[in-house]
Amino acid sequence: MTRLCVSIFVEAVEQALAQAAVAAERGAEMLEFRIDRFTDDPDALERLIEKSPLPCIVTCRPTWEGGEYEGDEQQRIALLERLGLKQPAYIDLELAAFEKSANLRQKIKLVVDHPRQVRPTGTGLILSAHDFNDRPPDLTGRFNAIAEQPAARVIKLAWRARSLRDNLEAFELLLSRAKPSIMLCMGEFGLPSRVLAKKYGALLTFVGMDDATVTAPGQVGIETIKQHYRWDAIGETTKVYGVIGWPVGHSLSPHIHNAGFDACGVDGVYLPMPIPDDYVHFKATVGAWLDFQPLDFYGASVTIPHKQNLLRFVAERGGQLEPLAEAIGAANTLTVRDGSLIASNTDCLAALDAVCHAMGIGRTEAAGLNVTVIGAGGAARAVAAGFAAHGAHVTIYNRTAAKARRMAEQFNPRFSGRVTAAPLGDLPGSSCDVCINCTSLGMHPHVDGCPLQAIPSAWGEQTVVFDTIYNPMKTRLMRMAHEAGCITVSGVEMFIRQAAEQFEQWTGQPAPVEVFRAIVSRRLERRD
Ligand code: NAP
């Protein structure tokens with residue numbers, strides 16, 4: 001069983017014990033006491049081990065291995081030797097220190113359990129190696145060196161991941177099952193190694209008491225891993241999904257999809273997948289994740305700047321491109337089904353459905369609607385294509401007029417609805433059944449932005465004004481439209497529907513839309 005281990009920096013024993021009690025209450029199954037800064041009172045440390053509410057690891061990490069202990073090495077080892085007699089579950093020691101000194105090896109071997117130990121002890125030795133800057137070139141060498149030490153019960157390697165691909169190496173090492181192991185990638189790319197440690201049977205994963213008090217870069221708090229990343233539900237067969245973007249840390253998608261998996265009992269977990277902005281990175285990372293069979297990587301949401309890259313990638317791998325996604329020139333959903341890749345665009349019909357729902361009509365009744373689209377970027381292409389494919393007449397207004405004209409020329413021959421471009425200056429005097437803002441004007445944090453100075457006089461009670469922006473939930477455009485008596489639709493509706501369609505494509509089950517809606521509202525209200 002992979003344990004959740006909360007790391008506690010010891011400043012005072014009573015304080016550490018109080019923190020330990022809170023950690024246990026929050027669901028920790030093991031504790032690591034980092035005594036780097038608290039080495040002068042061995043009696044107090046003995047008490048700490050005795051009173052620990054959970055099995056514990058004792059670590060005194062020197063500065064040369066990224067810790068804070070600056071004192072004498074002999075004293076450090078003497079302290080660990082003494083504390084080892086109190087039988088913590090583990091003592092953690094650096095491979096470099098262990099290899100360097102026969103005297104140290106001898107002392108540590110006296111207190112830890114190993115094949116030649118004569119006195120019974122419950123303390124195991126974790127031999128560890130860390131690289132806070134990079135993936136060490138001798139990673140496998142370090143792994144083997146620890147595996148070959150009879151005194152080492154546990155292999156621990158931690159390094160800074162250079163990309164999401166480094167996590168796969170951590171999983172491969174765990175799967176080799178040489179010994180109980182802890183394989184962790186640090187930094188922004190390393191989250192999968194921490195959350196999926198359980199899928200590969202790691203001894204433990206380290207977590208902070210909360211997100212703010214973590215002890216290593218990329219670590220998350222215990223509540224985040226349990227509630228947000230479904231720790232308790234993760235097992236060997238858990239399927240992996242994610243949201244690919246750059247940056248991607250702000251995305252609401254992990255919140256809703258993980259909650260959706262919970263609500264529907266899906267054996268899956270959904271992770272943020274940061275991939276730097278270019279096709280080379282996208283192809284290398286997504287390709288490696290797909291090719292690593294034990295990952296069970298079954299799909300992803302894809303956002304800025306990778307929506308075009310997804311189409312290209314799936315085409316190059318001989319997968320299937322949904323015709324609407326191909327026409328739009330961008331896809332936001334990757335699905336792996338029966339070993340084949342599918343690229344689709346769920347933004348498109350999500351926007352159409354959000355508007356149709358507000359109007360109380362079905363998709364087929366969109367034929368003949370006059371739809372104004374403001375913007376000619378990725379969202380505008382998806383929104384316009386959805387309406388045009390269902391027979392609506394779409395007029396595109398954009399700051400860069402040439403882009404609007406190009407889009408009309410591309411779309412017009414492809415869809416049953418007519419697509420035209422018009423000068424942005426004509427917008428205030430225009431009339432329409434539906435107006436959709438597909439620019440970023442009004443988006444957080446520039447909430448005063450608005451694509452219109454005033455609502456055109458021709459718009460009235462029957463006009464639907466839909467803002468694709470969902471943060472904030474009520475944009476300035478929507479407030480103005482509401483005051484003018486128009487029907488307003490929030491980008492939240494589109495966001496929820498595009499996510500619901502992804503959920504259905506991946507799981508074959510209807511999405512728990514109300515769960516999605518509640519989470520999005522709660523999180524956006526908190527941000528507002
Ligand atoms: P994009 O490809 O970068 O396009 C941005 C569009 O906004 C372009 O047409 C651009 O005009 C226009 N624009 C930007 N700044 C402007 C300004 N100051 N004045 C006038 N026009 C301006 O971005 P996108 O991916 O289409 O995203 C656009 C919006 O859609 C975002 O706000 C996003 O929140 C929203 N969205 C919502 C959902 C959802 O699920 N609700 C999904 C996707 C996107 P130029 O061509 O002249 O540069």
Distance from [X] atom [atom1] to [Y] atom [atom2], nearest 0.5 Å?
{"X": "L139", "Y": "D131", "atom1": "CG", "atom2": "CG", "answer": "9.0 Å"}
{"X": "R160", "Y": "F132", "atom1": "CZ", "atom2": "CZ", "answer": "9.5 Å"}
{"X": "L4", "Y": "I222", "atom1": "CG", "atom2": "CD1", "answer": "5.0 Å"}
{"X": "L271", "Y": "L196", "atom1": "CG", "atom2": "CG", "answer": "5.5 Å"}

Worksheet item: Quick one: which of T2, T238, D296 gives a side chain to side chain donor-acceptor pair (under 3.5 Å) with K199?
Response: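 Of T2, T238, D296, side chain to side chain donor-acceptor pair (under 3.5 Å) with K199 is met by D296 alone.
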Check whether any side-chain heavy atom of [X] sits under 4.5 Å from a side-chain heavy atom of [Y], and report yes or no.
{"X": "M186", "Y": "R194", "result": "yes"}
{"X": "T346", "Y": "N332", "result": "yes"}
{"X": "E365", "Y": "M359", "result": "no"}
{"X": "F415", "Y": "V394", "result": "no"}
{"X": "L157", "Y": "I182", "result": "no"}

Worksheet, complete the sentence: Heavy-atom closest pair (I244 atom, F282 atom, distance to 0.1 Å) is CG2-CE1, 3.9 Å
Counting only N and O atoms by type, is there a donor-acceptor contact under 3.5 Å from the side chain of [X] to the main-chain atoms of [Y]?
{"X": "H390", "Y": "G386", "answer": "yes"}
{"X": "S193", "Y": "C185", "answer": "yes"}
{"X": "T400", "Y": "A402", "answer": "no"}
{"X": "Q498", "Y": "F495", "answer": "yes"}
{"X": "S490", "Y": "V492", "answer": "yes"}
{"X": "T333", "Y": "Q502", "answer": "no"}

Do we see a donor-acceptor contact under 3.5 Å between the side chains of [X] and [Y]?
{"X": "R337", "Y": "Q320", "answer": "no"}
{"X": "H130", "Y": "K156", "answer": "yes"}
{"X": "N370", "Y": "T395", "answer": "no"}

Taking NZ, NE, NH1 and NH2 as the nitrogens, is one of them in [X] or [Y] under 4.0 Å from a carboxylate oxygen of the other?
{"X": "E316", "Y": "R312", "value": "yes"}
{"X": "E223", "Y": "K226", "value": "no"}
{"X": "R135", "Y": "E169", "value": "yes"}
{"X": "D267", "Y": "K239", "value": "no"}
{"X": "D448", "Y": "R476", "value": "no"}

Worksheet item: Is there a salt bridge (charged side-chain N to carboxylate O under 4.0 Å, His left out) between D291 and R165 once you walk through the steps?
Response: CA-CA 11 Å; D291 293 341; R165 275 179 289 160; over 6 Å; no
Discussion item. Test side-chain hydrogen bond (donor to acceptor under 3.5 Å, both in side chains) on Y200 and S181; report intermediate values, then the result.
Written reply: CA-CA 10 Å; Y200 301 102; S181 302; over 6 Å; no
Worksheet item: For the residue pair H257 and F261, does the interplanar ring angle fall in the parallel (under 30°), tilted (30 to 60°) or perpendicular (over 60°) class?
Response: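 Plane angle between 30° and 60°, so tilted.
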Item to complete: Would you sort out whether F297 and F292 count as a ring-ring contact (aromatic ring centres under 6.0 Å, His included), showing the intermediate values?
Response: CA-CA 8 Å; F297 179 46; F292 187 68; over 10 Å; no
Contacts table for residues 418-432: side-chain donor-acceptor under 3.5 angstrom, sequence neighbours left out:
unit_1, atom_1, unit_2, atom_2, d
T420, OG1, H393, NE2, 3.3
S430, OG, L427, O, 2.6

Worksheet item: Can you name the residues that form a salt bridge (Lys or Arg N to Asp or Glu O under 4.0 Å) with D166, not counting sequence neighbours?
Response: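 Counting only residues at least two positions away or on another chain, D166 forms a salt bridge (Lys or Arg N to Asp or Glu O under 4.0 Å) with R162.
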Discussion item. Centre-to-centre under 6.0 Å for Y298 and W506, is that the case here?
Written reply: no
Worksheet item: Where do E493 and R497 land on the salt bridge (charged side-chain N to carboxylate O under 4.0 Å, His left out) test, with the steps shown first?
Response: CA-CA 6 Å; E493 284 307 310; R497 286 166 196 272; 3.6 Å; yes
